[in-house]
Amino acid sequence: MTNFKTSRYNETISLGDGIVKKSLLCLSLVAVCLLGVVYFGSVVKVDDAIQLEEDVTPDGIVIGFSQLGAESDWRTANTESMKAAFSEENGYELFFDDGQQKQENQIMAIRKFILQEVDYILLAPVKETGWETVLQEAKDAGIPVIIVDRMVDVADESLYVSWVGSDFELEGAKACEWLNTYTKVKNIPPEEIHIVNIQGTIGASAQIGRTASLETAARKNGWNLLAMKSGEYTQAKAREVMGSFLRKYDNINVVYCENDNEAFGAIEAIESAGRKVGSDIQNGEIMILSFDTTKAGLTDTLNGKIALDTECNPLLGPRVESMIQKIENGETIEKKVYVEENIFSTDKSVKMISIGNTGYPVTIITQDILDSRTY
Ligand code: GYE
């Protein structure tokens with residue numbers, strides 16, 4: 001039995017049994033003729049298969065989504081949001097691929113989507129660089145690509161139609177400005193601030209932006225940035241990294257975690273070392289700053305374990321879906337779409353921060369806010 005995979009639907013179509021029972025009594029000429037018939041039959045059936053492929057009309061707009069992985073609560077919420085937006089009920093057929101934190105897996109997924117002749121490719125890239133070749137292949141195939149969440153760093157911006165996500169540098173700047181304002185309100189001299197940074201996946205836009213803002217603020221404000229190491233956006237890795245930071249430095253009073261899951265790992269390491277997390281750094285507590293504002297992160301914000309949680313919105317599905325609807329209607333869409341985000345704390349000493357000419361109010365977390373969080 002020979003199988004042929006149709007490109008678009010991944011259906012496996014049999015191309016004929018090709019059973020040629022070899023008999024010892026067969027003349028070689030007969031065998032040759034039989035092979036000829038089998039070969040001819042296969043050719044005819046391949047044509048049938050191609051014909052069949054052309055005859056099938058898709059159930060809706062066909063989407064290939066290459067998600068980078070499943071490392072955090074944020075990511076799970078993002079995947080769910082995308083799957084809900086590109087559902088059959090909404091008129092889509094979605095091919096979903098989990099890249100498991102590996103760029104090569106994501107590149108393979110995109111190539112598969114191109115072979116499947118999807119209508120759109122959505123890419124949530126694990127890191128920024130290294131996408132030129134495969135995005136060019138998608139462009140050559142005439143398939144529009146929309147980048148979701150993290151950014152791609154490509155010289156030719158025509159390789160993607162649009163990007164939707166967060167301003168990660170601004171998120172970092174907000175967290176740092178909150179800390180700056182907090183230390184001023186509490187009269188804590190900047191040189192008494194000793195920070196460690198548990199970074200995200202190195203090379204990911206969220207890591208690049210959040211780390212850059214911390215480095216800038218530490219320089220500007222005169223804080224001591226003791227060490228930086230990746231916690232790979234996971235709780236387990238962050239726990240390990242925080243454990244090693246605590247063994248190396250005895251004066252850490254602020255931990256800048258680049259997502260909520262890392263904050264959970266850092267809290268575990270701090271508490272198991274017999275230390276306390278909280279905002280009272282003048283009395284020996286270790287302050288946790290985090291990003292994402294997932295339900296679990298905001299729970300720790302409400303109970304004071306996370307001093308400030310800076311929002312990063314994972315609910316990008318409806319935004320990307322409306323972009324595709326606009327493209328389908330022939331409307332023009334923006335090249336970059338930023339999602340608006342807030343900052344949350346239980347500490348009432350800082351009410352507002354300002355960055356440039358813009359003021360950002362601090363939302364004091366309540367049980368009601370927590371209850372309304374869907375992820
Ligand atoms: O903050 C983190 C996730 O790229 C914004 O990736 C995203 C980040 C998010 O694993 O939790």
Side-chain angles (χ1 to χ4, degrees), residues 65-82 98-103 105-106 122-129 131 146-153 163-176 197-214 228-239 241 255-267 288-301 306 308-317 319-320 336-344 373-375:
F65 175 36
S66 167
Q67 174 62 288
L68 65 94
E71 74 286 0
S72 64
D73 295 0
W74 188 101
R75 188 68 47 202
T76 306
N78 179 248
T79 297
E80 280 169 12
S81 168
M82 298 290 282
D98 178 340
Q100 304 191 342
Q101 304 296 321
K102 291 200 171 66
Q103 185 174 36
N105 290 345
Q106 292 201 276
L122 311 180
L123 168 65
V126 66
K127 58 178 201 143
E128 287 193 350
T129 55
W131 299 102
I146 296 176
I147 311 293
V148 183
D149 165 27
R150 302 175 187 172
M151 241 301 177
V152 291
D153 179 6
W163 164 85
V164 58
S166 305
D167 186 336
F168 304 113
E169 206 166 330
L170 178 62
E171 290 174 352
K174 287 180 190 167
C176 292
N197 179 14
I198 305 180
Q199 298 168 288
T201 303
I202 301 298
S205 309
Q207 176 276 314
I208 295 171
R210 291 168 188 167
T211 299
S213 289
L214 175 63
M228 299 199 281
K229 194 162 187 229
S230 177
E232 290 159 19
Y233 283 130
T234 67
Q235 185 163 342
K237 185 72 189 171
R239 185 174 50 233
V241 170
V255 189
Y256 184 90
C257 304
E258 291 187 9
N259 81 343
D260 279 344
N261 292 79
E262 290 184 341
F264 309 146
I267 293 168
I288 306 285
L289 304 176
S290 182
F291 296 87
D292 282 357
T293 67
T294 57
K295 200 168 191 130
L298 287 180
T299 304
D300 274 352
T301 311
I306 293 177
L308 181 82
D309 207 352
T310 301
E311 189 173 28
C312 182
N313 193 337
L315 307 179
L316 303 177
R319 290 175 168 86
V320 182
K336 285 186 182 170
V337 178
Y338 287 102
V339 179
E340 286 202 8
E341 294 159 338
N342 297 314
I343 52 176
F344 297 82
R373 237 328 160 234
T374 53
Y375 54 91

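Order of listing sets the numbers, starting from 1, for every ligand and every atom in it.
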Quiz item: Under the side chain to side chain contact (heavy atoms under 4.5 Å, CB included) test, which residues partner K336, sequence neighbours left out?
Solution: M151, E157, Y160, W163, Y338

Exercise. Assess R210 against Y256: is NZ or CZ under 6.0 Å from the centre of the six-membered ring, and within 45 degrees of the ring's axis?
Key: no

Exercise. Please determine, by modelled atom types, if T211 and E258 share a side-chain donor-acceptor pair under 3.5 angstrom.
Key: yes

Quiz prompt | Y375 six-ring centre to R75 NZ/CZ under 6.0 Å and within 45° of normal | solution = no

Quiz item: Would E128 and S205 count as having a side-chain donor-acceptor pair, cut-off 3.5 Å?
Solution: yes

Exercise. Applying side-chain contact (heavy atoms from CB on, under 4.5 Å) between T294 and each of N261, D260, N259, T76, report the one that passes.
Key: D260

Quiz item: For ligand 1, what are the residues with a heavy-atom contact below 4.0 Å?
Solution: E71, S72, W74, R75, D149, R150, F168, A206, R210, Y233, N259, D292, C312

